[in-house]
Amino acid sequence: MKRTSPGYHHGNLRSALIEAALDLARDKGVGALGLREVTRAVGVSPNAAYRHFADLRALVLTVALEARHRLAHAILDRLDTITPGLDVGPRSTERLRAFGLAYVEYAQATPGWYELACASQEAPPDGAEEGGPPPPHLVLLGILDEMTRAGVMASTRRTDAEWSCWATVHGLAELRVHGPLQALSGEESVRLARLALDTLILGLTAKS
């Protein structure tokens, strides 16, 4: 559905272009983005975009950053749903499980934004990366540190553990969006993600 930002009528063309680009990319990713397509969705000429973005690459990097911000917010929102009052150990492992499920479900629900979020980690040329939520990798590092402090994961397992976690959740997302899990229902995809995350947590918290 075509959506034009109400803010545009008050001069906020930059925000309107970003929102239009996100709408176009939600399902099809970066391949759906072109200055002509984005400006047409907003109702302005392609030349109007150059007042805010030097070129298509600058627009794509800005939209990719917004996709990463939305992934981060999805993860943080999922972490906020964890039952309060859990002991620190079970809470830390539940936070890792929630992190992974949020990542996979974001990819499942908005595959184009997931593709954009992962396409490049390069910051937009205008420094727009400032002021956003903490990036997902920093959230993951904090969760693993919490697991170590709580004693549910041995300190000897902490070194580089984030890469095993990242490979698991990103691999699950890739299988869901681009691989053989595409045909599964959302419910079955989440079940398999839970199974993989349970196996990951079991390995990280093993006592020997």
Validation row: L65, R68 side chains within 4.5 angstrom (heavy atoms)
yes
Side chains of Q108 and Y103: donor-acceptor distance under 3.5 Å anywhere?
no
Check whether any side-chain heavy atom of T62 sits under 4.5 Å from a side-chain heavy atom of R14, and report yes or no.
yes
Heavy-atom pair with the smallest gap, counting every atom of L86 and T83
CG-O, 3.5 Å
Spatial distance of atom CG (D145) from atom CD (E162) [nearest 0.5 Å]
8.5 Å
Is there side-chain contact between L61 and R57, with heavy atoms separated by less than 4.5 Å?
yes
Has S189 got a side-chain atom pairing as donor or acceptor with S185's backbone, closer than 3.5 angstrom?
no
If we only count heavy atoms from C-beta on, is the R97 to D198 side-chain gap below 4.5 Å?
yes
Taking R70 first and then E19, would you say they form a salt bridge - that is, a charged N and a carboxylate O separated by under 4.0 Å?
yes
Determine whether L71 and Y114 make a side-chain contact, defined as any pair of heavy atoms from C-beta on separated by less than 4.5 Å.
no
Evaluate the side-chain contact (heavy atoms from CB on, under 4.5 Å) criterion for residues L33 and L59: first the C-alpha distance (whole Å), next the side-chain angles of each, then the deciding distance (0.1 Å), finally the verdict.
CA-CA 9 Å; L33 298 183; L59 173 62; 5.8 Å; no
Does the side chain of L204 come within less than 4.5 Å of L96's, by heavy atoms?
yes
Inter-residue atom distance E146.CD - L141.CG, 0.5 Å rounding
13.0 Å
Tell me, with the steps shown, if E115 and V177 meet side-chain contact (heavy atoms from CB on, under 4.5 Å).
CA-CA 9 Å; E115 179 185 305; V177 174; over 6 Å; no
Enter the distance from D87:CG to E94:CD here, rounded to the nearest 0.5 Å.
13.0 Å
If the threshold is 4.0 Å, N to carboxylate O, is there a salt bridge linking E188 and R191?
yes
Basic-acidic side-chain contact under 4.0 Å: R78, E105
yes
NE2 on H73 to CG on D80, rounded to 0.5 Å
11.5 Å
Pairwise side-chain contact, I143 with L79, heavy-atom cut-off 4.5 Å (strictly under):
yes
Between R36 and L56, is any pair of side-chain heavy atoms under 4.5 Å apart?
no
